[in-house]
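Everything on this sheet refers to the single structure shown next.
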Amino acid sequence: VKSARTARAGLTMIEVVVASFILTAIVGMSSYLVWSSSRHVSSAEAGVQLENTAREALNVMVQELRQAKKSAVSQVITTPIRILPPVDLHGLPANDPKLGNAVNPVPEDLDFDGVRFDLIDPRNTFSLDDFKNSKERITTIQYWWEVADDEQKQPAYLGTGPNGRQPEGKDNNHNGVVDDGVLMKMETTYELDRVTVHERKFSTVLRNVKRLKFRVPKATSSVDVQAGKPGYNSARIEISIDLEIMDPKQNLQTVKDAPGKEAFLIMRTVAAVVDFRN
Ligand SMILES: [Ca+2]
Ligand SMILES: [Ca+2]
């Protein structure tokens, strides 16, 4: 009688414990799978987002450079740039060192991190008379790289780089990336005399920029071409932007700026080659 009653009761205490243990294990494993895959996705998404943002900025730069003539493109030595207030940036002439030192013609086969070029201003009416008399308005565009303001060598603004900022191999802002920088842009429009500044604008185009590189390749000689090398006439400019962020999946607050420290980084490079208008 007793054994029949036990059978009707269905589950013993041990069976219940085992069943709930198995259930807990299954739920635990499946939640871990969902959790880890979502972390993986967020890491991949961060990389895609980093690259997309950079590509947008690069595309604008490419479109502008496509309209520029090679003779109107200069390398910019960026170290003397000082565009922080209280300087009257709008009163400064184009050749003031506080806006960078332009080197024209641009040196070939040299890597540089600042560029300046002239474009025809969109305010022009494109009348034939204006064109004949060289009265078209021009816009000067300049791009350069500088260290992020919270990433510079201390004491601040006393270094050797643009705006007194200097990279020094340390992660000063504790975002996991050593000497992260920004891509800066200056746009100057002039009056008809091409000297008086109509408007001058500064903007930060892109963050998380580790390196910005421009290069105008030297023309290949006929000997090179005969040797099977591609025939470049040098009327082109190569642009590449290196980006770096800390992998959000890892969530580490240490970086490789000291022995024994490490960080997991997401790195991307976007690049383009632009043929100048002739
Ligand atoms: Ca940093
Ligand atoms: Ca630094």
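For ligands, and for the atoms within them, numbers begin at 1 and follow the listed sequence. Predicted model only: the values in this text are computed from it and were never measured.
Residues R200 and T188 bring a donor and an acceptor atom of their side chains to less than 3.5 Å of each other. Using modelled atom types and a 3.5 Å distance limit, the side chains of E146 and W144 yield a donor-acceptor pair.
Tally of protein N, O or S atoms closer to the Ca ion (ligand 1) than 3.0 Å: 6.
In this structure, the separation between CZ on R211 and CG on L183 is 14.5 Å, given to the nearest 0.5 Å.
Atom CG of L33 is surrounded by more than 12 heavy atoms from other residues, nucleotides or ligands within 6.0 Å.
Taking the Ca ion (ligand 2) as the apex, the angle formed with OE1 of E168 and O of K170 is 100°, to the nearest 10 degrees.
Sorted by first then second residue, the salt bridge (Lys or Arg N to Asp or Glu O under 4.0 Å) pairs that include residues 55-66, not counting sequence neighbours, are E51-R55, E64-K185.
Residues D180 and N175 form a side-chain contact, since some pair of their non-hydrogen atoms from C-beta on lies under 4.5 Å apart.
Taking 3.0 Å as the threshold, G169 does not count as a candidate ligand of the Ca ion (ligand 2), since none of its N, O or S atoms lies below it.
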### Query
Given R215 and D111, is the salt bridge (Lys or Arg N to Asp or Glu O under 4.0 Å) satisfied, shown in steps?
CA-CA 5 Å; R215 186 183 181 90; D111 292 347; 2.7 Å; yes
